[in-house]
Protein chains: 2
Amino acid sequence: MPYTLLKENIDKHIQFSDAEFETYGSFFYPKTISKKEYLLRQGDVCRFEGFVTKGCFRVYTIDNDGHENVLYFAVEDWWVTDIDSFTNQAPALLSIQSLEDSEVLLINKKDKEQLYQQMPKVEKLFRIMTQKTLVSLQRRLIRNHCYTADERYLHFMKTYPKIAQKLTNLQIAAYLGISHEFVSKIRRKVASKK
Amino acid sequence: MPYTLLKENIDKHIQFSDAEFETYGSFFYPKTISKKEYLLRQGDVCRFEGFVTKGCFRVYTIDNDGHENVLYFAVEDWWVTDIDSFTNQAPALLSIQSLEDSEVLLINKKDKEQLYQQMPKVEKLFRIMTQKTLVSLQRRLIRNHCYTADERYLHFMKTYPKIAQKLTNLQIAAYLGISHEFVSKIRRKVASKK
DNA sequence: TATAGTTATTGAACTAGTTCAATGTTTTTA
DNA sequence: TAAAAACATTGAACTAGTTCAATAACTATA
């Protein structure tokens, strides 16, 4: 079942034969994470790239003022890692924590390299996936500049209703880059307009 | 000379033999762009991926309120494209305009695909480059949330002094996501503190 | 070299969003 | 099931950054 999700994930980007998927999948190992457990802590080296098969994670940093800043949330069918730390095996700027009991498929650094070597097609797969991630991040950056907090909130709720449902105001605020009190105020405003 | 830059650019990410570079380079063709000319206009399909060998470009969108928003500036040794539009051959959300007389090496969609097929190593090259771009965009997003306008301005000036020197306050403002009047005020504040 | 166009500076009035503090609500744990 | 902890709501005071409008300074071009 977790491997079915991984296969479906590939299918979105590229064609793999069953044999190819067999090999690909064999590089990943499952891990169970209980609620609030850390997959990665800021300062540690990120040893894995992870594919979420169940649950939910937040990927975040804490800035100098102690403010938490969520880079993204990862639910089923999303990838989680600190790419920078993973590719350079350098201390992570990001922390990754589960928000509920979760399951991931992990691949470690050496195996990832081995996989690239053994299956050049995986280069293409990750090239495509990284490109898509880049595009959505570019759009988010622009939204952050062009939209007001209200608009960003509504956009998020509309775009990720299933994720939103799992989150507290604090977490949504940390993602949108606004205070949680202001999220409350936006909610009230929105509710009164209906 | 422009091709030397292209070679040096590759060398930063991956090892290519002279023969490999020969093939790689042969897929690109040079283009001269005069000041204020457009390489791409919002709404058109982006037919190229470009490597800047001279000059400077701004990659931007205009939002509903008519506000200009700069995604990035590209000078010598940078790539310019609207990846989303290029990969899907869909109408671009971005415009790309030269800020001065410039030169680029371009590759078009079909040739890029041909290149991937003919030289699988290019998949790796672009996978790595895209990853690096993604990392820097992630960092920028976090900076936008954690830093004040003053801090972002100073960070930009310090990180890209050579680019900054080519830009007007209007353009810096459009990149930082603040008003150009406020850039003026930050400048004054900074100057008075020295 | 005068003129038009673009860019920069400044101040005053404003507003979107923050901070703080108090209160209420829900969730977790013993 | 009571107590503790975490989360949400609200209002009042504040501030970072905007908008508008006027003026000054560049820089292109005829």
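All heavy atoms count here, side chains included; hydrogens, waters and symmetry mates do not. Sequence lines set the chain letters: A, B, ... in the order given, protein chains first and strands last, and positions in each chain run from 1.
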Worksheet item: According to the ring pair (Phe, Tyr, Trp, His ring centres under 6.0 Å) rule, which pairs have a member within residues 38-72 of chain B, sequence neighbours left out?
Response: B:Phe51-B:Trp79
Would you list the atom pairs, donor with acceptor, under 3.5 Å between side chains in residues 125-139 of chain A and any protein atom, with sequence neighbours excluded?
unit_1   : atom_1 : unit_2   : atom_2 : d
A:Arg127 : NE     : B:Tyr116 : OH     : 3.4
A:Arg127 : NE     : B:Glu123 : OE1    : 2.8
A:Arg127 : NH2    : B:Glu123 : OE1    : 3.1
A:Arg127 : NH2    : B:Glu123 : OE2    : 3.3
A:Thr130 : OG1    : A:Phe126 : O      : 2.6
A:Lys132 : NZ     : A:His13  : ND1    : 3.0
A:Thr133 : OG1    : A:Met129 : O      : 2.9
A:Ser136 : OG     : A:Thr133 : O      : 3.0
A:Arg139 : NH2    : B:Asp84  : OD2    : 2.2

Go through the structure and list residues passing side chain to side chain contact (heavy atoms under 4.5 Å, CB included) with [X], not counting sequence neighbours.
X	value
A:Thr148	A:Asp150, A:Glu151
A:Asn69	A:Thr61, B:Ile142, B:His145, B:Cys146
A:Thr168	A:Leu170, A:Gln171
B:Thr159	B:His155

Discussion item. Under 4.0 Å between a side-chain nitrogen and a carboxylate oxygen: does that hold for B:Lys12 and B:Glu8?
Written reply: no
Worksheet entry | Pairing residues for A:Lys162 by the side-chain hydrogen bond (donor to acceptor under 3.5 Å, both in side chains) criterion, not counting sequence neighbours | none
Worksheet item: Which is true for B:Lys36 with a 4.0 Å heavy-atom rule: it touches a base, it touches only sugar-phosphate, or it touches nothing?
Response: nothing
Discussion item. D:dT10, OP1 or OP2 - any side-chain N/O from A:Arg188 closer than 4.0 Å?
Written reply: yes
Practice prompt. Scan residues 166-185 of chain B against DNA chain C and write down, sorted by residue number, each residue with any heavy atom closer than 4.0 Å; if none is found, say none.
Written response: B:Thr168, B:Asn169, B:Leu170, B:His180, B:Glu181, B:Ser184, B:Lys185
Discussion item. If the condition is ring pair (Phe, Tyr, Trp, His ring centres under 6.0 Å), which residues does A:Phe73 pass it with, not counting sequence neighbours?
Written reply: A:Tyr175
Response to the item:
As a check of understanding: the bend across the helix from C:dT1-D:dA30 to C:dA30-D:dT1, end axes from five pairs, rounded to 10 degrees, works out to 50°
Worksheet item: First contact, last contact: which nucleotides of DNA chain C are these for chain A, 5' to 3', heavy-atom distance under 4.0 Å?
Response: C:dG17 to C:dT28
Practice prompt. Mind jotting down which residue pairs meet the salt bridge (Lys or Arg N to Asp or Glu O under 4.0 Å) criterion with at least one end in residues 48-63 of chain A? Sequence neighbours excluded, please.
Written response: A:Glu49-A:Lys112, A:Lys54-A:Glu103, A:Arg58-A:Glu68
